[in-house]
Amino acid sequence: MPTATFSTKVIPKMRNAAYYGIKTEKNPKRAKSGPWVDVSDDENKGRPNALKRKNSVANARVDQSWNGQNGHKRKKRRQSLVGSDIPQANDLPNGSGSSHSKTNHLNGAGPSTSYGNKAKAIQEHRKQLPIAKGRVALIDEIRKNDVTILLGETGSGKTTQVPQYILESGLAKNGMIAVTQPRKVAATSLAHRVAIEQNSSLGDLVGYSVRFDEKSSPETRIKYLTDGMIVRELMSDPLLSDYSVVIVDEAHERTLRTDLLIGNLKRIQKLRNSPPDAKGKANSDASHPLKIVIMSATLDAEKFSRFYHNAKILYVKGRQHPVKIYHSAESQLDYTDSAMRTFFQIHTDQPPGDVLIFLPGQEDIESLQKSIEWYAKQLPADKLSVITCTMFAAQEHSQNSKAFNPAPANTRKCILATNIAETSITIPGIKYVIDSGKCKEKQYLARISGGGFDTLLTRDITRSSAMQRAGRAGREGTGVCFRLYTESVFNSMPISGEPEILRCSLTSSILNLKCLGQDLSELDLMDKPDSESITSALKTLWLLGALDNEQKLTPAGRQMALFPLDPQYACAVVASKEYGCTSEILDIVSILSSSSKLFMDISEQREAVAEARRQFRHASGDHLTILNAFKTYRDIAASENKQARWDWCRKHFLNERTFLEAGNIREQLVLTCRRVGIDSAASAKENEDPVVRSMGHGLAGNSAFLQPDSTYKHTMGQTIVKIHPGSTLSDKKVPAIIYDDLMYTNQIYARGVSSIPKSFFMSLQAFKQRKA
DNA sequence: CGCACAGCT
């Protein structure tokens, strides 16, 4: 095998090396056998590797006829529905796709055709989807079984078609068909698409329901919802009696809410589907049985099947272009450096086509972008030039969407992205993927004393994730994926990640389940959190006054559960009633609950950022600083137009999206306040002390005090915490603090910090001791 | 002093 041209050994330092150092290696033959080991084979070209070798799914496809009569021995229950073999040029994105690709596809029907032709084309298209061939068998299985597991590859059309098949078959005469999605954009754009296919306007036959946005009516039969939304519906209708069929899509992602839903569906089905004589009362609660369809795109279908009493697994092939996968021949020490060399290898050796690089986080993305741009400038003028785009959640929307602009002529677009490009956003036109094999993952460490905290560490991805990343190169044509890790590393990766329910704080979930009269420890879940995590959450809820000494829900706890907030913040809202400062608390918690950060970090302009921030700064800390900023924004918003507001935000390095989202959240909270009898307009005016005290009730477990050696120590344990550098109180010394959360990266950092008066700190202590 | 994947009600 030729020398690994781009391995760290051969070109140890790129920083000062001329670009030509690489160019001399250009050799079309080497590109094939080079530092990469080609693990694709002709028979399975483009199929993710794990599907090929380890997984029986591929066997199901190869060995079984479409009606599954002569099934593979080991996988009798699995049944292949479809057998088409050649990937088609015309690929339909499935549920994991973004609105962008879906829109593109709709346009593909032809802008110049008349409406009738368009409708015909849409129906024709439906018939050509891979899943269409399995329609009869699929409906037959769903009719016969209470639970069906559908394993569908990307592009099979399962997410759009299955609900329509069920509707058209009359299987859901007595209720709606719910289709759950982990993401809002998916839910809304799928509903759009399916409404068109049903030749109905959105909100009539086909609707959706996501936070802040609902389009449905009494006529609605197919409803796309976010998983969070259906879990909320569960609280007011514990048997989900509006629905005849619940389809859980993207179940393999195992989000916290999907897991809670899957567990509850099992319970509901037991109640709704048992024969009237066996469980006399059960059927009086709901007049119709429930069908469950679990749709998963990856390998863990067996696990869903086991959970639902060995439910049948149906398999449907996808429609994805072949992706050739190369693994690194030797392990790479520095994945950013390695990614850069791989990029330029592609750039010199491979035909035109855009490149997508997966990296764990913002920092890596920004540094790699700089390097790539620096080297790209050294390119000879007659070469393809390079433009770079970055994509990560913390970045402004407008910046992220630049990746969708087609590259100018004679230019290769290089997109550097986090996991955001793995599932949430589909970028068209990607031909090459470079996969660092790394991602950042949040893991909650529950600790009974001293409070739990989140860790956010870079770690290896899973095989499912690697396959998903590779697949991003094959959405519009054949693609190539370069993995910056060896094949043996790939083979040692876990098949799928740890479900979220094992990795996050359980306070919210436990509180919500308590309202349903359920205990999380007793709920039948696919994966049960360990007892320490449960105990720690119960303790927090008890400290907040949501549970009593017998772990029973208190009236205050019931109120807290009604707020779409972290229980700590819900507690602060409830506490604010006594202090008469609910208006201020709503401002603060709605900003804290927004998905985007308020204060933007632009590393190059640190001084300017600090200067602009000074005018909102409050000596007491971050909570009142947020309040100041929100109040000032509202003053501006009252008198200025849209553009001026935006300019003002930009000038002060504030993210207007956060204000807008917080505004929506705040409206929702005002409604909840009305329901539970809290005057949301009550304001402490200029008096800020009650505001901090209300927050203190919610954050009672998150407090620390200054020690003689000027570190902060958690009040209930030995944990030493440091005020996060982003906080206004960073490097300040105050006797006692409360904080929003702890995050462990290099040290344990407290974020969202406020100073509290010593006397109040003492009374919080006394309060906690009384509790203990 | 030194920093933060993604997503949901």
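A, B, ... follow the sequence lines: proteins, then strands. Residue 1 opens every chain.
- Set against dC1(B), dA4(B), dT9(B), the side chain of M229(A) has dT9(B) as its closest nucleotide.
- The shortest distance between the side-chain N/O atoms of T458(A) and the OP1/OP2 oxygens of dC5(B) is not below 4.0 Å.
- Figure legend: cation-pi geometry between R751(A) and Y739(A) absent, as NZ or CZ is not positioned both under 6.0 Å from the six-membered ring centre and within 45° of its axis.
- Heavy-atom nearest nucleotides on DNA chain B were determined for T226(A) and for T745(A), and the one closer to the 5' end corresponds to T745(A).
- At the heavy-atom level, Q362(A) lies under 4.0 Å from the strands shown only through sugar-phosphate atoms.
- Rounded to whole Å, the distance from CD on E250(A) to P on dC8(B) is 13 Å.
- The CG atom of D741(A) sits 16 Å away from the P atom of dC3(B) (whole-angstrom rounding).
- Ranking dC1(B), dC5(B), dT9(B) by closeness to the K722(A) side chain, first place goes to dC1(B).
- Ion pairing of K514(A) with D519(A) is present here, as a side-chain N (NZ or NE/NH1/NH2) and a carboxylate O approach within less than 4.0 Å.
- As rounded to whole Å, 17 Å separates atom P of dC5(B) from atom CD1 of I461(A).
- The side-chain hydrogen bond (donor to acceptor under 3.5 Å, both in side chains) with N419(A) is formed by just one residue from the set E441(A), R469(A), Q468(A), K440(A); it is R469(A).
- Across the protein-nucleic acid pair, L506(A) atom CG and dT9(B) atom P stand 20 Å apart, rounded to whole Å.
- Here dC3(B) presents its P atom at 17 Å from CD1 of I365(A), a figure rounded to the nearest Å.
- Contacts of F563(A) with the nucleic acid, taken as non-hydrogen atoms under 4.0 Å apart, are absent.
- Between the C1' atom of dA4(B) and the CD atom of E363(A) lies a distance of 10 Å, rounded to the nearest Å.
- When Q568(A), H623(A), H724(A) are each tested for a side-chain hydrogen bond (donor to acceptor under 3.5 Å, both in side chains) with D740(A), only one passes: H623(A).
- When heavy atoms are screened at a 4.0 angstrom cut-off, V231(A) is found touching no nucleic acid atom at all.
- Closest approach to the D227(A) side chain among dA4(B), dT9(B), dC8(B) is made by dC8(B) (side chain taken as heavy atoms from C-beta onward).
- Ranked by how close their nearest DNA chain B nucleotide is to the 5' end, S595(A) and R503(A) are led by R503(A).
- For Y749(A), counting side-chain heavy atoms from C-beta on, the closest listed nucleotide (dG2(B), dC5(B), dC8(B)) is dG2(B).
- Closest to the side chain of I420(A), from the set dG7(B), dA4(B), dG2(B), is dG7(B).
- Of the candidate nucleotides dC5(B), dA4(B), dC1(B), dC5(B) has the atom lying nearest to any side-chain atom of T418(A).
- Rounded to a whole Å, the CD atom of E500(A) is 13 Å from the P atom of dT9(B).
- Although no hydrogens or angles enter the test, the distance criterion places a donor-acceptor pair under 3.5 Å between the side chain of T658(A) and the main chain of K597(A).
- Contacts of K597(A) with the nucleic acid, taken as non-hydrogen atoms under 4.0 Å apart, include base atoms.
- Contact check on E500(A) versus R503(A) returns no salt bridge, with no Lys/Arg side-chain nitrogen under 4.0 Å from an Asp/Glu carboxylate oxygen.
- Out of dT9(B), dG7(B), dC5(B), the shortest distance to the side chain of R232(A) is found at dT9(B).
- Going from atom CD of Q747(A) over to atom C1' of dC3(B) covers 11 Å, rounded to whole Å.
- The phosphate of dC3(B) (OP1 or OP2) has a side-chain N or O of N746(A) nearer than 4.0 angstrom.
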